[in-house]
Amino acid sequence: MTAAISDFLRILDERGFIQQVSDTAGLDAKAVAGGLTGYIGFDATATSLHVGSLVQIMMLRWLQETGGRPIALMGGGTSRIGDPSFRDEARKLLGDDDIARNLSGIRQVFDKFLRFGNGPGDALMIDNATWLNHLNYSDFLRDYGRHFSVNRMLSFESVKTRLDREQSLSFLEFNYMIFQAYDFVELHRRHGCVMQMGGSDQWGNIVNGIELGRRTDNAALYGVTSPLITLASGAKMGKSAAGAVWLNADLLAPYEYWQFWRNTEDADVGRFLKLFTLMPLAEIAKLDALQGAEINEAKKVLATETTALLHGRHEAERAAETASRTFEQGVAASGLPSVERPRAEFETGIGIAPAFVLAGLTGSNSEVVRAISGGAISVNDERVTDRNRVVGIADLSNDGIVKLSFGRKKHVLLRAV
């Protein structure tokens, strides 16, 4: 991307949010002029968003931080169909009650990241069911369907991938692209919105909206996409060994959320500090330069800052203190059960599988081996990938304890005596 003048595009570029921009110069000029309004859509497919949506939420946050007005568009209407982008099969169709329940859960997240109100820079939360659920379909097709080329829509990568695999793409799903484009036009008409943001898989849908706005309203609209966030290991962001990393506290406790970020791979720490915290880049550079065991301090900062944004500073510091008391000070602050073993066994080294059996976390060595393959075994909150790993003296805290974890909920302290 060419060098941006506006704080908005410059910050997004510096922090690694930008994959593509439809018209960098035009959007940059809009941002410099002030009052830039942009949106991202979130479909109501579950009662909570998970951490895979956090990049988009942070993009809305930075839009507001730099003087723009963010719109969180809730997909009450499009959730009836489901986005087919890069999916192997159609989403399960949701009823109105399911969608309403899911929207209620999702809305809880946004108050943590955005400031809502009636001012020019205050965020808006809008449900596209407001217009989509009341369309006259024949009128809609006549007025808007004629602007879409099926040939071109079939060329979009998200569609081609599905068809190349010879996986069915229903006509119902095909309508999703038209409805999303229409969302952009409606938001422009109702709220002066000129920018849509989203993940890289949404590029085709965003371009559709830009072109529809130009053809129907002669509007200058813009699109920004972010890269797909993968871990250094190549795994997709948003999943843990125990399942999705939800953003609602009733599905994932703040302490477990803190631990998810604490377990970040070394190579991802600097990148994630840029994407998922508001810390200045100079401070992030210092943390990213840490090597060896010192990188753990950067991971703790990442965990605390990300948790503070979502759950508040009190919960973040409470999670950090619990981890410190348990693992660094040797105090089982969270009431974890403990098992005593002779110190000599640690000096020799206890195999990872026997250690978990001794702790009572599993019933057999083979169960541990399978759990390692599934990413569910951790020692001192560090995921174990090597079935030949041993638990030894180096794993003990100053007070002689080591924490063994099976998934998110089963923890035991082994104590050397």
Engineer: For residues L247 and V109, report the shortest heavy-atom separation together with the two atoms involved.
Structural biologist: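 That would be CB-CG2, 3.9 Å.
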Engineer: The criterion is side-chain hydrogen bond (donor to acceptor under 3.5 Å, both in side chains); which residues satisfy it with R15, sequence neighbours excluded?
Structural biologist: none
Engineer: Angle class for the F184/Y39 ring planes (parallel below 30°, perpendicular above 60°, tilted otherwise)?
Structural biologist: perpendicular
Engineer: Ring centroids only, cut at 6.0 angstrom: are F116 and F110 within range, meaning strictly under it?
Structural biologist: no
Engineer: May I have the step-by-step check of side-chain contact (heavy atoms from CB on, under 4.5 Å) for V379 and R389, ending in yes or no?
Structural biologist: CA-CA 10 Å; V379 174; R389 190 197 192 289; 4.0 Å; yes
Engineer: Taking only residues two or more places apart in sequence or in another chain, which ones pass salt bridge (charged side-chain N to carboxylate O under 4.0 Å, His left out) with R69?
Structural biologist: none
Engineer: Does some side-chain heavy atom of K30 sit less than 4.5 Å from a side-chain heavy atom of M195?
Structural biologist: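 Not in contact.
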Engineer: Do you know the tightest heavy-atom contact between G223 and W203?
Structural biologist: O-CZ3, 4.2 Å
Engineer: With sequence neighbours excluded, give me every salt bridge (Lys or Arg N to Asp or Glu O under 4.0 Å) pair touching residues 125-140.
Structural biologist: D139-R142
Engineer: Can you find a pair of side-chain heavy atoms, one from T264 and one from L302, that are under 4.5 Å apart?
Structural biologist: yes
Engineer: Using atom types as modelled and distance alone, determine if a side-chain donor or acceptor of H188 lies under 3.5 Å from a backbone N or O of C193.
Structural biologist: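 Looks like yes, one N/O pair under 3.5 Å.
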Engineer: With L141, which residues qualify under side-chain contact (heavy atoms from CB on, under 4.5 Å), at least two apart?
Structural biologist: Y137
Engineer: Using the side-chain hydrogen bond (donor to acceptor under 3.5 Å, both in side chains) rule, take S48 and N248 through it: C-alpha gap first, then chi angles, then the decisive distance, then the call.
Structural biologist: CA-CA 6 Å; S48 171; N248 286 27; 3.1 Å; yes
Engineer: Evaluate M74 against I106 for side-chain contact (heavy atoms from CB on, under 4.5 Å), listing each step before the verdict.
Structural biologist: CA-CA 9 Å; M74 298 291 100; I106 289 171; 3.9 Å; yes
Engineer: Quick one: pull up CG in N102 and OG in S104 and give me the separation to the nearest 0.5 Å.
Structural biologist: 9.5 Å
Engineer: Run the salt bridge (charged side-chain N to carboxylate O under 4.0 Å, His left out) test against D111 and tell me which residues pass, sequence neighbours left out.
Structural biologist: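 Partners of D111 under the salt bridge (charged side-chain N to carboxylate O under 4.0 Å, His left out) test: none.
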Engineer: Nearest heavy-atom pair of F17 and P227: which atoms, and what distance?
Structural biologist: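 For F17 versus P227, the nearest heavy atoms are O-CD, 3.4 Å.
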Engineer: Would you kindly say whether S200 and Q20 are connected by a side-chain donor-acceptor distance under 3.5 Å?
Structural biologist: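 Side-chain D/A pair, S200 to Q20: absent.
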Engineer: Please confirm whether the backbone N or O of A303 pairs with a side-chain atom of T306, one donor and one acceptor, at under 3.5 Å?
Structural biologist: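 Yes, T306 side chain to A303 backbone: donor-acceptor pair under 3.5 Å.
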Engineer: Answer whether the closest heavy-atom distance between the side chains of D288 and L273 falls below 4.5 Å.
Structural biologist: no
Engineer: Please lay out, stage by stage, how V51 and S53 fare under the test side-chain contact (heavy atoms from CB on, under 4.5 Å).
Structural biologist: CA-CA 5 Å; V51 77; S53 299; over 6 Å; no
Engineer: Which residue, V369, V390, D386, I372, forms the side-chain contact (heavy atoms from CB on, under 4.5 Å) with I352?
Structural biologist: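 When V369, V390, D386, I372 are each tested with I352, the side-chain contact (heavy atoms from CB on, under 4.5 Å) holds only for I372.
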Engineer: Could you list the donor-acceptor pairs under 3.5 angstrom formed by side chains in residues 118-125, with sequence neighbours left out?
Structural biologist:
{"from": "D122", "atom 1": "OD1", "to": "R115", "atom 2": "NE", "distance (Å)": "2.8"}
{"from": "D122", "atom 1": "OD1", "to": "R115", "atom 2": "NH2", "distance (Å)": "3.4"}
{"from": "D122", "atom 1": "OD2", "to": "N118", "atom 2": "N", "distance (Å)": "3.2"}
{"from": "D122", "atom 1": "OD2", "to": "G119", "atom 2": "N", "distance (Å)": "2.7"}

Engineer: Do the side chains of L73 and Q196 get nearer than 4.5 Å, heavy atoms only?
Structural biologist: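 Side-chain contact under 4.5 Å: no.
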Engineer: Under 3.5 Å, side chain of D13 to main-chain N/O of R10, donor-acceptor pair present?
Structural biologist: no
Engineer: Taking salt bridge (charged side-chain N to carboxylate O under 4.0 Å, His left out) as the test, write out the residues that go with R318, two or more places apart.
Structural biologist: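 R318 satisfies salt bridge (charged side-chain N to carboxylate O under 4.0 Å, His left out) with E315 only.
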Engineer: For residues L278 and E65, determine if any side-chain heavy atom of one lies less than 4.5 Å from a side-chain heavy atom of the other.
Structural biologist: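 Counting from C-beta outward, L278 and E65 do come under 4.5 Å.
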Engineer: Would you name the heavy atoms of T307 and P254 that are closest together and state the gap between them?
Structural biologist: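 Answer, listing the atom of T307 first, then P254: CG2-O, 4.0 Å.
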Engineer: Would you call R383-E265 a salt bridge at under 4.0 Å N-O?
Structural biologist: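 Between E265 and R383 there is no salt bridge, as every charged N stays at least 4.0 Å from the carboxylate O atoms.
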Engineer: Working note: Q56 + S226, criterion side-chain contact (heavy atoms from CB on, under 4.5 Å); need CA distance, chi angles, decisive distance, verdict.
Structural biologist: CA-CA 8 Å; Q56 278 68 55; S226 59; 2.8 Å; yes
Engineer: Quick test of your reading of the model: are K299 and D266 salt-bridged, counting only N-O distances below 4.0 Å?
Structural biologist: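 Yes, K299 and D266 are salt-bridged.
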Engineer: State, yes or no, whether a side-chain contact exists between F8 and D28 at a heavy-atom distance under 4.5 Å.
Structural biologist: no
Engineer: According to side-chain hydrogen bond (donor to acceptor under 3.5 Å, both in side chains), who are the partners of Q64, at least two apart in sequence or on a separate chain?
Structural biologist: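 So Q64 forms no side-chain hydrogen bond (donor to acceptor under 3.5 Å, both in side chains) with any residue.
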Engineer: List in chain and number order the residues that pass side-chain hydrogen bond (donor to acceptor under 3.5 Å, both in side chains) with D183, two or more places apart in sequence or in another chain; answer none if no residue qualifies.
Structural biologist: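 Residues passing side-chain hydrogen bond (donor to acceptor under 3.5 Å, both in side chains) with D183: N128, W131.
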Engineer: Are more than 12 heavy atoms from other residues, nucleotides or ligands located less than 6.0 Å from atom CD1 of I5?
Structural biologist: no
Engineer: Check P70 against G68 and note the closest heavy-atom contact, atom names and distance.
Structural biologist: CD-O, 3.6 Å
Engineer: Using a 4.5 Å cut-off on heavy atoms from C-beta on, say whether the side chain of Q180 contacts that of N208.
Structural biologist: no
Engineer: Side-chain contact test, heavy atoms from C-beta onward, threshold under 4.5 Å: evaluate it for I284 versus T277 and give yes or no.
Structural biologist: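 Contact flag for I284/T277 side chains = yes.
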Engineer: Do you know which two heavy atoms are closest between A355 and V391, and how far apart they sit?
Structural biologist: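 Taking every non-hydrogen atom into account, CB-CG2, 4.0 Å.
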Engineer: Side chain of T66, backbone of L63: donor and acceptor closer than 3.5 Å?
Structural biologist: yes
Engineer: With L275 as reference, evaluate I229, L54, D268 under the side-chain contact (heavy atoms from CB on, under 4.5 Å) test and give the passing residue.
Structural biologist: I229
Engineer: Run the ring-ring contact (aromatic ring centres under 6.0 Å, His included) check on F148 and Y182 step by step: do they pass?
Structural biologist: CA-CA 11 Å; F148 291 86; Y182 182 67; 9.7 Å; no
Engineer: Does K112, at its NZ atom, have more than 12 non-hydrogen atoms belonging to other residues, nucleotides or ligands within less than 6.0 Å?
Structural biologist: yes
Engineer: Would you please name every residue forming a salt bridge (charged side-chain N to carboxylate O under 4.0 Å, His left out) with E367, sequence neighbours left out?
Structural biologist: none
Engineer: Scan residues 275-308 for pairs that pass ring pair (Phe, Tyr, Trp, His ring centres under 6.0 Å), counting only residues two or more places apart or in two chains.
Structural biologist: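 Listed once each, the pairs are W261-F276, F272-F276.
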Engineer: Could you list the residues that satisfy side-chain hydrogen bond (donor to acceptor under 3.5 Å, both in side chains) with R313, not counting sequence neighbours?
Structural biologist: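 Result, side-chain hydrogen bond (donor to acceptor under 3.5 Å, both in side chains) vs R313: E305.
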Engineer: Any side-chain to backbone donor/acceptor pair from D395 onto G392? Under 3.5 Å, distance only.
Structural biologist: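 Judged by distance alone, yes, a pair lies under 3.5 Å.
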Engineer: Decide yes or no on salt bridge (charged side-chain N to carboxylate O under 4.0 Å, His left out) for R262 and E382, but give the supporting numbers first.
Structural biologist: CA-CA 8 Å; R262 171 64 180 81; E382 294 286 348; 3.0 Å; yes
Engineer: Will you find, in the side chains of S378 and N380, an N or O donor that is under 3.5 Å from an N or O acceptor?
Structural biologist: no
Engineer: Do you know which of Y257, W258, Y255, W246 makes ring-ring contact (aromatic ring centres under 6.0 Å, His included) with H311?
Structural biologist: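 Of the listed options, the one satisfying the test is Y257.
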